[in-house]
Amino acid sequence: MFTSRMDDALTEARAAAARGEVPVGAVLCDPQGQVVATAGNRTRELSDPTAHAEILTIRAACAAAGSERLPGHVLWVTLEPCPMCAAAISAARIATLYYGAPDPRMGGVAHGARVFDHPQCHHRPQVYDGIAAAESQALLRGFFAARR
């Protein structure tokens, strides 16, 4: 049975915005569909440019699994992953990626680097985009409009 976890990812994105972080949230599920990790961006809080929501969920799930690979896992994220996060998704061997809003400026999946399209990419997840894209975009636009 298919269960979307985008609402949970949006909850993480809203929490990130409340902390003053760019509102991106991620949820990672195991092959049975159980949530194993959730996170929102924490780059400012942790003074870590790699503390994107996707990276934090992958780190937590790998630590829980005792493995650097997460075959069969599914990642839900509110924004198209950047090239760094796309590379981490590939390295972790995540099976499926669902994301919300496109990111023409910094995206690494459908835009820019298109990490999964490179011949050097060892693993290509199934990718589904546009999941709750309008809500994800509205959250991002509202966040940046308030900062200007």
Side-chain angles (χ1 to χ4, degrees), residues 1-19 21-46 48-104 106-143:
M1 177 181 182
F2 178 81
T3 302
S4 174
R5 298 295 183 181
M6 192 55 78
D7 285 343
D8 298 330
L10 285 162
T11 296
E12 289 292 335
R14 288 185 202 96
R19 293 189 302 271
E21 301 278 357
V22 174
V24 177
V27 175
L28 193 54
C29 297
D30 68 15
Q32 291 73 43
Q34 299 300 309
V35 173
V36 294
T38 65
N41 278 358
R42 292 186 180 274
T43 59
R44 292 183 179 173
E45 175 186 340
L46 300 176
D48 180 354
T50 70
H52 290 195
E54 301 95 318
I55 298 294
L56 296 174
T57 59
I58 291 168
R59 286 178 183 161
C62 285
S67 175
E68 74 281 11
R69 297 205 175 138
L70 302 168
H73 285 62
V74 177
L75 179 64
W76 298 84
V77 62
T78 57
L79 181 66
E80 176 183 350
C82 72
M84 172 186 69
C85 292
I89 291 164
S90 177
R93 307 302 197 264
I94 290 171
T96 309
L97 167 65
Y98 293 94
Y99 71 85
D103 190 353
M106 296 294 293
V109 176
H111 299 91
R114 295 184 176 168
V115 170
F116 304 137
D117 292 342
H118 280 266
Q120 297 89 348
C121 184
H122 295 297
H123 170 78
R124 292 164 182 83
Q126 287 186 297
V127 177
Y128 300 92
D129 62 356
I131 313 299
E135 193 169 354
S136 297
Q137 285 176 323
L139 187 57
L140 287 157
R141 285 190 181 126
F143 176 81

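The closest side-chain heavy-atom distance from Arg59 to Leu56 is below 4.5 Å. Between Leu70 and Cys62 the shortest side-chain heavy-atom distance falls below 4.5 Å. Between Tyr99 and Leu75, every side-chain heavy-atom pair lies at or beyond the 4.5 Å cut-off. When side chains are defined from C-beta on, Asp129 does not count as touching Val109, because their heavy atoms never get closer than 4.5 Å. A heavy-atom distance below 4.5 Å is not found between the side chains of Asn41 and Pro23. Using a 4.5 Å heavy-atom threshold, the side chains of Val27 and Thr57 count as separate.
Listed by first and then second residue, the salt bridge (Lys or Arg N to Asp or Glu O under 4.0 Å) pairs that reach into residues 34-44 are Arg42-Glu45, sequence neighbours excluded. For residues 3-18, the pairs satisfying side-chain hydrogen bond (donor to acceptor under 3.5 Å, both in side chains) are Glu12-Thr38, Arg14-Glu135, with sequence neighbours left out. Applying the side-chain hydrogen bond (donor to acceptor under 3.5 Å, both in side chains) definition to pairs two or more places apart or across chains, those involving residues 63-82 are Glu80-His111.
Using modelled atom types, one side-chain atom of Glu21 and one backbone atom of Thr43 make a donor-acceptor pair closer than 3.5 Å. A donor-acceptor contact shorter than 3.5 Å links the side chain of Arg124 to the backbone of Phe116. In this structure, His52 contributes its side chain and Pro81 its backbone to no donor-acceptor pair below 3.5 Å. Formation of a donor-acceptor pair under 3.5 Å by the Arg141 side chain with backbone atoms of Leu139 is not found in this model.
Heavy atoms only, all atoms of each residue included: Ala133 and Gly100 are closest at CB-O, 3.6 Å. Annotation for Ala53 and Val24: closest pair CB-O, 3.6 Å, computed over non-hydrogen atoms. Heavy atoms only, all atoms of each residue included: Cys121 and Ser90 are closest at SG-OG, 3.4 Å.
Distance check, rounded to the nearest 0.5 Å: CE of Met84 to OG1 of Thr50 gives 5.5 Å. Note that CG of Leu97 and CD1 of Ile131 are 10.0 Å apart. Values are rounded to the nearest 0.5 Å.
Partner of Leu28 under the side-chain contact (heavy atoms from CB on, under 4.5 Å) criterion, out of Val35, Val74, Ile94: Ile94 alone.
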